[in-house]
Amino acid sequence: ERCRRLDVEPGTGLAEAELRAAGVMVGEAGRAGLPVTALVSRVGVAPNQVKATVQALEARGMAIEIGRLLASRRVVDDLQAALVATLTAHHRSEPLAEGLAREEARTRLFARGAPSIFDRALDNLAASRAIVARERIALATHHVELPPEGEQARVTLDLLYRDGATAGGDKSGDSAD
């Protein structure tokens, strides 16, 4: 299978063959990503052609440059979909939680992947306003709401607090006038 993907038609130029090989290697690198430097050592791209090769890979949708790594578009897209699905399930099961801890999400979904690829997936989702990402990650549509009985308790406590504040504060001990 790999050989078939690396196979090029006779007469295909060197640059095209290198792009194809790089695309295959990026895909095979999966969640770890392929170091940009591997274009020289593993693909055989001339050092002065690395930048142009990366740009060509990105233009064709074969890779995304993330720091000094190349990641496949599929890895990033799949991670983004998994993040949204995980957050949806988390909000359903824990509606009073602000969100999922960022590190917990990374460990659960991308433990063996490059942290920079995980961060890019979060950045993409935040830029599209699908999520809010800080220390905790939440869907942008998620809002913590108390159930009706919890809301009634909050209103009651708020009223008691205000009544105590307007009645002169602490009434635990009467002072002699």
Checking the side chain of R102 only, and the main-chain atoms of R134 only, is there a donor and an acceptor separated by less than 3.5 Å? yes
Qualifying residue, where the test is side chain to side chain contact (heavy atoms under 4.5 Å, CB included) with L83 and the options are L100, N124, L122, L139: L122
Taking atom CD as the centre, does E98 end up with more than 12 heavy-atom neighbours from other residues, nucleotides or ligands that are less than 6.0 angstrom away? no
With rounding to the nearest 0.5 Å, note down the distance linking CD1 in I131 to CD in Q80. 8.5 Å
Only one of H91, E104, R108 passes side chain to side chain contact (heavy atoms under 4.5 Å, CB included) with T86, and that residue is R108
Does the salt bridge (charged side-chain N to carboxylate O under 4.0 Å, His left out) test come out yes or no for R42 and E28, once each step is laid out? CA-CA 13 Å; R42 293 187 58 205; E28 290 174 346; 5.0 Å; no
Does one hydrophobic cluster hold both I64 and V24, with members joined at side-chain heavy-atom distances below 4.5 Å? no
State, to 0.1 Å, how close L57 and G23 come at their nearest heavy-atom pair, and which atoms those are. CD2-N, 4.0 Å
What one should report as the nearest heavy-atom pair of A114 and A32 is CB-O, 3.7 Å
Heavy atoms, side chains only, cut-off 4.5 Å: are V36 and L69 in contact? no
Would you say L34 ends up clustered with L79 if hydrophobic residues are merged whenever their side chains have heavy atoms under 4.5 Å apart, either directly or through other cluster members? no
Closest approach of I66 to S116 (non-hydrogen atoms, all atoms of both residues): CG2-O, 3.4 Å
Do the charged groups of E94 and R136 touch, with an N to O distance under 4.0 Å? no
Give the minimum heavy-atom separation between L19 and A56, together with the two atoms involved. CD2-CB, 3.7 Å
Looking only at atom types and distance, does a side-chain atom of H142 sit under 3.5 Å from a main-chain N or O of A97, one as donor and one as acceptor? yes
Using every non-hydrogen atom in the two residues, find where V132 and A140 come nearest and quote the distance to one decimal. CG2-CA, 4.1 Å
E103 CD to I137 CD1 distance, which is reported to the nearest 0.5 Å: 9.5 Å
Tell me whether the count of non-hydrogen atoms from other residues, nucleotides or ligands lying under 6.0 Å of CD in E135 goes above 12. no
Donor-acceptor check, side chain of E58 to backbone of E65, threshold 3.5 angstrom: yes or no? yes
Closest approach of A22 and L39, non-hydrogen atoms and distance? CB-CD2, 3.6 Å
Identify whether M62 and V75 are in the same connected component of the hydrophobic contact network (ILVMFWY, side-chain heavy atoms under 4.5 Å). no
